[in-house]
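The sequence lines fix the lettering, A, B, ..., with proteins before strands; numbering per chain opens at 1. Just so it is clear, the values below take in all heavy atoms, side chains as well, and ignore hydrogens, waters and symmetry mates.
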2 protein chains.
Amino acid sequence: MAVTMNDVARLAGVSLKTVSNVLNDYEFIRPATKQKVLDAIDELGYEANLTARSLRSGKSRMLGLVLSDLSAPYYAELASRLMSVASARGYRVLVEQSAALEENELSALHGPFRQLTDGLLFTPLRLDPDTVAGRRGSKPLVMLGEHIQDPRFDTVTMKNVRAAQAMTAHLLAGGRRRIAVIGASAGDSTGSPGLRLTGYRRALDEAGVGFEPALIVPSEWRRDAGASVVEALLDRAVPFDAVFGLNDALALGAMHELLIRGVKVPQDVAVAGFDDIDEARFASPSLTTVAPGMQEIAERSVGLLIDRIEGKEKSDEGVHVEAGFELRIRSSAP
Amino acid sequence: MAVTMNDVARLAGVSLKTVSNVLNDYEFIRPATKQKVLDAIDELGYEANLTARSLRSGKSRMLGLVLSDLSAPYYAELASRLMSVASARGYRVLVEQSAALEENELSALHGPFRQLTDGLLFTPLRLDPDTVAGRRGSKPLVMLGEHIQDPRFDTVTMKNVRAAQAMTAHLLAGGRRRIAVIGASAGDSTGSPGLRLTGYRRALDEAGVGFEPALIVPSEWRRDAGASVVEALLDRAVPFDAVFGLNDALALGAMHELLIRGVKVPQDVAVAGFDDIDEARFASPSLTTVAPGMQEIAERSVGLLIDRIEGKEKSDEGVHVEAGFELRIRSSAP
DNA sequence: CTGAAAGCGCTTACAG
DNA sequence: CTGAAAGCGCTTACAG
């Protein structure tokens, strides 16, 4: 059997409560008593049982993280940083993949996953705000991303509109006039696709360039899907002189297909992405993209969630954080 | 307060034990009784408290996964699959990043992380076998990878030597004679670098090509490190006509640097990698690499670990699984 | 088949 | 500053 607090108390010749006091850094404790307890802990190799602590205190010091697919590079890099930040504050992160399925998002929101964790970092792709509001339970919840924009929720997001606008302006400044957008539908106005498309349209308006729906192509945000879309565009003979992929994975897939088809990047077609995943820097040609302040997103979201859990953030309304961004101009769209 | 089993028992008019029996699928239970309990559960929206269950039963239905860095693409893809496989068997995965630091590996092996989980999928990069054997505790442990090769441990690994040999033979068959290996030191013979280097040497021997230590360059297995190594090689004017990167990330970084320096791939220098991450297919040129049976590794390792946890695998000795591999011949080394 | 009781290992009022 | 006791919500022998 494992060593318990009782064993420690017995060896140190004190009560259970005193051991608990030492473990929880209670301050009014005689140094000699504390030392006896510490010695006993050391001698027995005692380690607190986190499950028991969790049952009694109602806190697990675990954060939940729900995202669609951990193997998508943006999520992998984000999850890695979230875990590091959480770890520095004494929390672990339990990840759940939703596969972008509504039922999985729902069960992550109010199922057993939820009671295992003290708070949730939630990246829904399907659920609507009212459903989330209805099922959110009483534990803290921080929304990551922009699928749900609702003042009721704490949210950490990025400057999607302005970043996409800046990137489009950059492409226009380079003389591109027929910029295909991959990863959104022409009618989108909400969520990451819609916001980024809005930024694109604003830049077009500012430059006096007409919006052409045929250049807006929906796609999953994956490499293979980006490649397929370019294939279709080329086969349909829609002329375009730039591709703005709404995330890097998709942009890299698109670029791959262009190069295979003998289209020169950036000479014939410039390519830009969004996310600045590590892969973007090392692609050939290296990918021009938007760096959305991932470290800032990680720090602010974990910080906000833990502050809610620990009662340090008490605002009645949702707290809204928008991380900064930078354009990374590289060879694919100089 | 949350709904408890007591509330369910009261509403259903049965004892606690009966509710527990229903929840745990005990078979000898009157259908009518069972229905009453099920109705009460439904009416109250009862959900079992996993922490309490875990404290009492000693099982958390969580698997630990320790790896150096979740943002490395191979680990991200592997973790994603491990989580899916575990989920299908009713387990969650709690991930811990070690940053390839010995102290982190140690604390993951026998610290609080360990008691939270029923078993561990462990990818150590620093610890030696005796240390692991001494601190492994009593819970099941499955080693992933080849840093530790020791009959005492359950291990799931890949055919490193034969795969590297096959890839090297492929490069030799393409007429390459000066194949630089990036990611190992000339003296390595164990661990992933050592085993893959051994395969390389065997292929050289078989072809009667001499081994040249100057062509073996150590490097972290990351894109940026791969790029730096190529920079150094070119600056030192070491002639080479192929690069075998011991993982894909590094190979892709190396390829990027070659292309920037005006070296043609594959005409001047062929490039091959190891892992077949999704990125390899969409690189330009697409990367020739080894597909190490990642899905098989995920299924076998999770399966073995859960079988150990549930007592279905009782072998006294370590079970050893070696997943198959395939060469993926693409444009970077046709 | 079902019930009453003990106990997993902690934390937390409550006394003193 | 410290002790004795209760209780978090389950599961599991033990009776019946």
My understanding is that only residues two or more places apart in sequence, or in another chain, count here; which of them pass side-chain hydrogen bond (donor to acceptor under 3.5 Å, both in side chains) with [X]?
{"X": "B:Ser87", "value": "none"}
{"X": "B:Lys17", "value": "B:Asn21"}
{"X": "B:Glu322", "value": "B:Lys159"}

Is it the case that B:Thr131 and B:Asp128 place a side-chain donor and acceptor less than 3.5 Å from each other?
yes
Pair pattern of DNA chain C in dot-bracket, where unpaired bases get dots and | marks partners in another strand, Watson-Crick or G-U under 3.5 angstrom
|||.||||||||.|||
Check side-chain contact (heavy atoms from CB on, under 4.5 Å) between B:Ser60 and all other residues, then give those that pass, not counting sequence neighbours.
B:Ser54, B:Met62, B:Asp118
Who are the side-chain contact (heavy atoms from CB on, under 4.5 Å) partners of A:Lys314, not counting sequence neighbours?
none
Could you check whether B:Arg300 pairs with B:Asp154 (Lys NZ or Arg NE/NH1/NH2 to Asp/Glu carboxylate O, under 4.0 Å)?
no
Got a salt bridge between A:Arg81 and A:Glu299, using NZ or NE/NH1/NH2 to carboxylate O under 4.0 Å?
no
With a 4.0 Å heavy-atom cut-off, tell me which residues in residues 110-119 of chain B come close to DNA chain C, sorted by residue number.
none
How would you summarise protein contacts on nucleotides 11-16 of chain C per nucleotide, using B for base, S for sugar-phosphate only and - for none, with heavy-atom distances below 4.0 Å?
BBB---
What donor-acceptor contacts under 3.5 angstrom involve side-chain atoms of residues 33-48 of chain B, with partners at least two apart or in another chain?
from, atom 1, to, atom 2, distance (Å)
B:Gln35, NE2, B:Asp39, OD1, 3.0

Residue pairs meeting side-chain hydrogen bond (donor to acceptor under 3.5 Å, both in side chains), one or both in residues 64-75 of chain A, sequence neighbours left out, come to A:Asp69-A:Ser71, A:Asp69-B:Ser80
Tell me the side-chain hydrogen bond (donor to acceptor under 3.5 Å, both in side chains) pairs involving residues 133-142 of chain B, sequence neighbours left out?
B:His110-B:Arg135
Below 4.0 Å: OP1/OP2 of [N] and any side-chain N or O of [X]:
{"X": "B:Ser54", "N": "C:dC8", "answer": "no"}
{"X": "B:Thr33", "N": "C:dT2", "answer": "yes"}
{"X": "A:Thr4", "N": "C:dG9", "answer": "no"}
{"X": "B:Thr51", "N": "D:dG9", "answer": "no"}

Grab the two heavy atoms, one from A:Leu144 and one from A:Ser301, that are nearest each other, plus how far apart they are.
CD2-CB, 3.7 Å
For atom [atom1] of [X] and atom [atom2] of [N], their distance in whole Å:
{"X": "B:Asn6", "N": "D:dG7", "atom1": "CG", "atom2": "P", "answer": "12 Å"}
{"X": "A:Arg61", "N": "C:dC10", "atom1": "CZ", "atom2": "P", "answer": "17 Å"}
{"X": "A:Leu50", "N": "C:dC10", "atom1": "CG", "atom2": "C1'", "answer": "11 Å"}
{"X": "A:Leu55", "N": "C:dG9", "atom1": "CG", "atom2": "P", "answer": "12 Å"}

Strictly below 4.0 Å, heavy-atom distances to any atom of DNA chain D: list the hits from residues 42-49 of chain A, or just say none.
none
To the closest 0.5 Å, what do you measure between CZ (A:Arg61) and CD1 (A:Ile306)?
7.5 Å
